[in-house]
Engineer: 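Okay, handing you the structure first.
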Protein chains: 2
Amino acid sequence: MINPSSVPVRQSSIRAHNLALLLNTVANSADPPSRAALATVTGLTRATVSALVDDLIAGGLLTELDPPPRTGAGRPAAGLALTAAGPAGLGCEINVDYLAACVVDLTGAVRQRFTEHADQRPAAAPDALAALGRLAARARLAAEAEGLVVAGMALAVPGLVSPAGLVRVAPNLGWQDVDAPALLRGVPEIADLPVVVDNEANLAALGELRVAGAEATFLYVSGEIGIGAGLVIDGELYRGVRGWSGEIGHLTVYPDGRPCRCGSRGCLEQYAGQEALTADEPLAAAALGIALSAAVNLLDVPMIVLGGAYALHFERLRAGIETELRRRVLTAGLAPVTLRAARLGTDAAVRGAADSVIRGVRDDPAGWLRRAG
Amino acid sequence: MINPSSVPVRQSSIRAHNLALLLNTVANSADPPSRAALATVTGLTRATVSALVDDLIAGGLLTELDPPPRTGAGRPAAGLALTAAGPAGLGCEINVDYLAACVVDLTGAVRQRFTEHADQRPAAAPDALAALGRLAARARLAAEAEGLVVAGMALAVPGLVSPAGLVRVAPNLGWQDVDAPALLRGVPEIADLPVVVDNEANLAALGELRVAGAEATFLYVSGEIGIGAGLVIDGELYRGVRGWSGEIGHLTVYPDGRPCRCGSRGCLEQYAGQEALTADEPLAAAALGIALSAAVNLLDVPMIVLGGAYALHFERLRAGIETELRRRVLTAGLAPVTLRAARLGTDAAVRGAADSVIRGVRDDPAGWLRRAG
DNA sequence: GCCAAATAATTCAACCAATAAACAAATCGA
DNA sequence: TCGATTTGTTTATTGGTTGAATTATTTGGC
């Protein structure tokens, strides 16, 4: 992750890598580990761990826990944990019927949470983003009053986003080529924050990843007004070459089926969209099952997580989907595909957005230490 | 690639990384670069480059070219190139109607090539693999007579392969749970070689990668008796969690269509398999187009390479496939999907197999230097 | 109540790899 | 033949990890 393999490695990179290794090891440990435990589990020496941990403590990323959990003979170990009062991530979401902002600290705890329900469709993009910016500013202010330092901001959008953060199309918002980062910078209280924009399903997948465990591999499918998917492989989000992967809503399910507003025919969205779902249409589960089978045959993902509206209707959909998976996935007989409902519900995208920011800090603590001085 | 990010980094790893960086930079350069040119392009110092290059030359991976291509003032630069007489990769392929083995040197040149045409279906797996082993032994012998050192062996199989090299199912060969590496070790002349087994489409994709350029992203689709696909992202092959990705042949195209031997209905293989193709069936192109659209919608791949029998019939299939891609790929209007025929034809898999071995050497020259002493 | 055993964390000399800057080598142009 | 120019090497320095020895802090036995 630090080394895209086409880049030279100097001594400082190895320090940066090992700092990230330690920070992530602490983050993924069940109990607060000691320096010695970190040494054995990472393979670094105790001396090295001590030196690096000192830096992380000085930089406010790790804290030494006061009450040493004593056991057996020997000097008691000092437990290490992520600091709750340190860098934090600001996550935002704009969707058809609400705006949301939340702040997550380094430990992953949600510290602030603001929502504003209102139909965004009549609003022009600049107005909607200004309103969202104000909501984000409130969240930031409240978080910083608690001693947090917001390290950056991520925005979830139901549409296609280019790597630069330009929203190319967001059909359900009626957006086209909206420069979201620039518009958000119009709100002075958050103008200094680095902004990342990403697809709603991608960020929701990251949100579920936090719950699923660090190394998980799964396909997250979100049934909002549109249907999107986020693919997580070994704990990393796969975005595709241009950031447009996961457009499962327009996967063809019935080649000569109903016409879709995208110009094609028989898209999944026509059979398993929110209207079909609430109308209790019998085709929804089968159509989803067919589309998901395609994904599994292509990608060999062992788990599918259903989010958004699908999470609400999970029990009703389950059997129908699983029938198709059993029939249509070639390797179903060799290893089963796990199907489960999302655990975060409609919060997944905002949570994932905030999470993606602190993920950035956890993966490059050296950068944070440099900036924080 | 060297750093799975959950592993500590020591000084030796940074040397290993930079050795690989230099070797790959030489490999991907159009003209033989000088040490100074390597320094500027990689970002390392001239001193560091010199030291590392000395090691690579001593280890027989690089050669200094005799006639310095002189230009302008200053001391003339000594060009560096991969050695043709060094480590080599042995690639093998077993398919329904032939066996093949080939040896590729570090520069990517094919140095030996053996084929044996015979229907493998009546043969039991041990017999077929013994025959293949003998063919491989001949190729190795001939290569070593030319001064090459075979570093390892890779085998392409038309079936599902587990990471350990076990062939779980190869329907067209009638194989099930065949321990190919163990059976190949039965041939004494190649028993010492490390063996890797992989799916035919995956390795063919690697073969095409060599031709496509180092950083390419594409989906390779092979129309053999079965239909498989190999996904290459930024020059890396994606194998899926269990190595079973790319089973595009059993993607559902027509949900209530023809029954397939896999137990499902309407699989791509029923409409675009080799029989359909040679029978000049009109559905082949449309079915392919529908399946490929699914892949592009899910994965956002900018290029599709058609191999095997599809390469032969490319011109006839092209228009029909492109029509479906235009209709069914959501982002087709934002950025086109390139469709082209494979350049290596039926050789892709063996070539890719041999290539995967030397790719291993190029990505870990430090390991090779250690072994070679 | 004191000492040995055990475990945690730190200190310090050694080592390894890259860097920067000076230096040597080889060529061109005047 | 001499300066300019570019390539490649040498050498002292720096940054980072290692390994062994050392210090710190606890438990348990006598």
Engineer: For A:Glu146, what residues pass the side-chain hydrogen bond (donor to acceptor under 3.5 Å, both in side chains) criterion, not counting sequence neighbours?
Structural biologist: A:Arg111, A:Gln112
Engineer: Can you tell me the distance, in whole Å, between the CZ atom of B:Arg15 and the P atom of D:dT17?
Structural biologist: 18 Å
Engineer: Quick check on DNA chain C: between B:Ala73 and B:Leu52, whose nearest nucleotide comes earlier from the 5' end?
Structural biologist: B:Leu52
Engineer: Is any side-chain heavy atom of A:Leu38 closer than 4.5 Å to one of A:Val53?
Structural biologist: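 The answer is yes; the side chains approach within 4.5 Å.
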Engineer: Please tell me if B:Arg10 has a side-chain N or O lying less than 4.0 Å from either OP1 or OP2 of D:dT18.
Structural biologist: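 Yes.
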Engineer: Out of C:dA9, D:dT17, C:dA17, which has the shortest distance to the side chain of A:Ala78?
Structural biologist: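 Between C:dA9, D:dT17, C:dA17, the one nearest the side chain of A:Ala78 would be C:dA9.
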Engineer: Report the nucleotide, chosen from C:dT10, D:dT25, C:dA18, that has the shortest atom-to-atom distance to any side-chain atom of A:Gln11.
Structural biologist: C:dA18
Engineer: How about A:Glu144 and A:Val150: do any of their side-chain heavy atoms sit closer than 4.5 Å?
Structural biologist: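 SC-SC contact between A:Glu144 and A:Val150 confirmed.
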Engineer: Tell me whether the OP1 or OP2 atom of D:dG15 has a side-chain N or O from A:Ser12 closer than 4.0 Å.
Structural biologist: no
Engineer: Indicate, yes or no, whether a donor-acceptor pair under 3.5 Å links the base of D:dT25 to the side chain of A:Arg75.
Structural biologist: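 For A:Arg75, whose side chain was compared with the base of D:dT25, there is no donor-acceptor pair (under 3.5 Å).
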Engineer: By nearest atom, which of the nucleotides D:dT25, C:dA9, D:dG8 is closest to the B:Ala77 side chain?
Structural biologist: D:dG8
Engineer: For a side chain to side chain contact (heavy atoms under 4.5 Å, CB included) with B:Glu208, tell me which candidate from B:Asp355, B:Leu344, B:Leu203 qualifies.
Structural biologist: B:Leu344
Engineer: Taking the side chain as everything from C-beta on, heavy atoms only, tell me whether A:Glu64 gets closer than 4.5 Å to A:Arg35.
Structural biologist: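 Side-chain contact under 4.5 Å: yes.
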Engineer: Between A:Asn18 and D:dT17, is there a contact of a side-chain N or O with OP1 or OP2 at under 4.0 Å?
Structural biologist: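 Answer yes for this pair, as a side-chain N or O of A:Asn18 is under 4.0 Å from OP1 or OP2.
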Engineer: Within the structure, does a side-chain N or O atom of A:Ser50 lie under 4.0 Å from either OP1 or OP2 of C:dT10?
Structural biologist: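 Answer yes for this pair, as a side-chain N or O of A:Ser50 is under 4.0 Å from OP1 or OP2.
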Engineer: Atom CG of A:Leu21 and atom P of D:dG16: how far apart are they, to the nearest Å?
Structural biologist: 16 Å
Engineer: Base, sugar-phosphate, or nothing for B:Ala47, non-hydrogen atoms under 4.0 angstrom?
Structural biologist: base
Engineer: Separation of A:Leu62 atom CG from C:dA9 atom P, in whole Å?
Structural biologist: 13 Å
Engineer: Would you kindly compare A:Ile14 and B:Gly74 by the position of their nearest DNA chain D nucleotide and give the one closer to the 5′ end?
Structural biologist: B:Gly74
Engineer: Under 4.0 Å between any heavy atoms, over every strand shown, what does B:Arg46 touch: base, sugar-phosphate, or nothing? Just pick one.
Structural biologist: base
Engineer: Rounded off to whole Å, could you give me the CZ-to-P distance for the A:Arg35 and C:dT11 pair?
Structural biologist: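 In whole Å, C:dT11 P and A:Arg35 CZ are 11 Å from each other.
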Engineer: Taking the minimum atom-to-atom distance to the side chain of A:Thr48, which one of D:dT7, C:dA18, D:dT17 wins?
Structural biologist: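 Between D:dT7, C:dA18, D:dT17, the one nearest the side chain of A:Thr48 would be D:dT17.
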Engineer: Can you confirm whether A:Leu62 sits close enough to A:Thr83 that some side-chain heavy atom of one is under 4.5 Å from a side-chain heavy atom of the other?
Structural biologist: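 They are not in contact (no side-chain heavy atoms under 4.5 Å apart), so the answer is no.
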Engineer: If you check the A:Pro76 side chain, which of C:dT10, D:dT25, D:dT7 turns out closest?
Structural biologist: D:dT25
Engineer: Tell me: CG of A:Leu80 to P of C:dA8, nearest whole Å?
Structural biologist: 12 Å
Engineer: Provide, to the nearest angstrom, the distance between the CG atom belonging to B:Leu44 and the C1' atom belonging to D:dG8.
Structural biologist: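 Atom-to-atom, B:Leu44 to D:dG8, this comes out as 15 Å.
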Engineer: Remember a base hit wins even if backbone is also touched, and classify B:Ser34 as base, sugar-phosphate or nothing at under 4.0 Å, heavy atoms.
Structural biologist: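 Sugar-phosphate contact only - B:Ser34 comes under 4.0 Å of backbone atoms but never of a base.
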Engineer: Atom CG of B:Asp54 and atom P of C:dA18: how far apart are they, to the nearest Å?
Structural biologist: 13 Å
Engineer: Atom CG of B:Leu22 and atom P of D:dG8: how far apart are they, to the nearest Å?
Structural biologist: 13 Å
